[in-house]
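First the structure, in the form of structure tokens, and then the observations on it.
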Amino acid sequence: MKSIDEIRAEIENYKIENAEALEQFRLNFLSKKSELQSMFGEIKSIAPENRKNFGQMLNELKNKAQQRFEEQRTKMEAAACSRSNIADVTRPSANVPVGAMHPISIMMNQVRRIFEDIGFTAVTGPDIEDDWHVFTALNFAEEHPARDMQDTFFVELHPDVLLRTHTSSLQVRTMEKQQPPIRVICPGRVFRNEAITSRAHCIFHQVEGLYVAENVSFADMKQTLLYFAQRMFGPDVKIRLRPSYFPFTEPSAEMDISCYICGGEGCNLCKHTGWVEILGCGMVDPNVLENCGIDSKKYSGFAFGLGIERMTMLKYTTNDIRLYFENDVRFLQQFKAATR
Ligand code: DAH
């Protein structure tokens, strides 16, 4: 029969590397038929004075074997569990689709950023407006065609309530609340009762600008808009102001930029003129200042309004405004690189 010491050494050194070895260990040392268990049957043949000692040693061995068995079993279970449940951190990641910002939002943010950098603050206001803020305060004559049902969506229940046709209404809202100096830009959605074509839509976006203070001149306006055009379309861009008419500005102008595609040579984008129109502008009409409670003898100002869709179409050379409202992901995904 093996000595107690031999069995102890076997228990301690038994290699248990897999489930089979663990089972073998159990059979060798813990099962009823194992050598160790059968030694318990030998106790009665030991001299009585040694029995207690012998029994204690056997128990000690049995406990040792039991303990090793439990330890190894727990370790193996933990290892099996971690292999199946914990991610392999070296595995390539799944292809998660990443969204892009809508081109209209990208352009809005760009315009906003350019003006915020020179001290303009963005303000917003309601899409659903009243006649005063959209037309009357802005010096539109009673019979001005822009009030016509052809252009404006009126709310049926109330003839005074309408969807704003331009963000110029925010000039009025700002000046009614605040005395000069005023330097705001007003991004927003506008609505017009127009047939939807590749060039026009019944919903689009504008950014309005307003600067009112003492001694604001046409030259200030020109320089501010040149700065804007060059930051938006590149440092070599030139601007040109053409006389125009808006009820709320006097004098009024339309601003063109030199065609940044052909550099002024003439191409399809500029219809071979070398220039593309980008915004309307002018010196705020004194009537408008007075309508909003601002002293037109003391203060002067300039205003401008630009269409975001038009700006986006120019900058990203797309030729159909409807693309911006259809939201086809194949179109939108192309703006991933421009998303910031
Ligand atoms: N409100 C004009 C429009 O919707 C754009 C505009 C022109 C705004 C001249 C202005 C301006 O502030 O001065 O067509």
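First listed ligand is number 1; within each ligand, the first listed atom is number 1. The first residue of the sequence shown is numbered 1, and numbering continues consecutively from there.
Using cut-offs of 30° and 60° on the angle between ring planes, the pair His102 and Tyr324 is tilted. Aromatic ring pairs are classed by plane angle as parallel below 30°, tilted from 30° to 60° and perpendicular above 60°; the pair Phe135 and His166 is tilted. Below 30°, between 30° and 60°, or above 60°: for Phe25 and Phe29 the angle between ring planes is between 30° and 60°, a tilted geometry.
For ligand 1, the polar-atom distance check finds an N/O of Ala303 within less than 3.5 Å of one of the ligand's N/O atoms. The distance criterion of under 3.5 Å between nitrogen or oxygen atoms is met by Gln206 with respect to ligand 1.
For the pair Lys44 (side chain) and Gly41 (backbone), a donor-acceptor distance under 3.5 Å is present. Of the possible donor and acceptor atoms, none in the side chain of Asn53 sits under 3.5 Å from a partner among the backbone N and O of Asn50.
Ligand 1 places these atoms under 4.0 Å from at least one heavy atom of Ser168: 1 (N), 8 (C). Against a heavy-atom cut-off of under 4.0 Å, Gly282 is close to the following atoms of ligand 1: 13 (O). Numbered from 1 in the order shown, with element, the atoms of ligand 1 that lie under 4.0 Å from a heavy atom of Cys281 read 9 (C), 11 (C), 13 (O). Per-residue contacts place Gln171 under 4.0 angstrom from the following atoms of ligand 1 (heavy atoms of the residue considered): 12 (O). The ligand atoms of ligand 1 that sit less than 4.0 angstrom from a heavy atom of Thr249 are 13 (O).
In terms of protein heavy-atom proximity, atom 12 (O) of ligand 1 is closest to Glu208 OE2, 2.5 Å. Taking atom 5 (C) of ligand 1 as the reference point, the nearest protein heavy-atom neighbour is Gly305 CA, 4.1 Å. Of the protein's non-hydrogen atoms, Arg192 NH2, 3.8 Å is the one closest to atom 14 (O) of ligand 1.
Nearest heavy-atom pair across Gly99 and Lys336 is O-CG, 4.2 Å.
Checked against the 6.0 Å centroid threshold, Phe191 and Phe153 do not count as a close aromatic pair.
For Arg113, the CZ atom counts as loosely surrounded, since its 6.0 Å shell holds 12 or fewer non-hydrogen atoms of other residues, nucleotides or ligands.
Contact annotation: Phe248 has at least one heavy atom less than 4.0 Å from an atom of ligand 1. Using a non-hydrogen distance threshold of 4.0 Å, Glu250 does not register as a contact of ligand 1.
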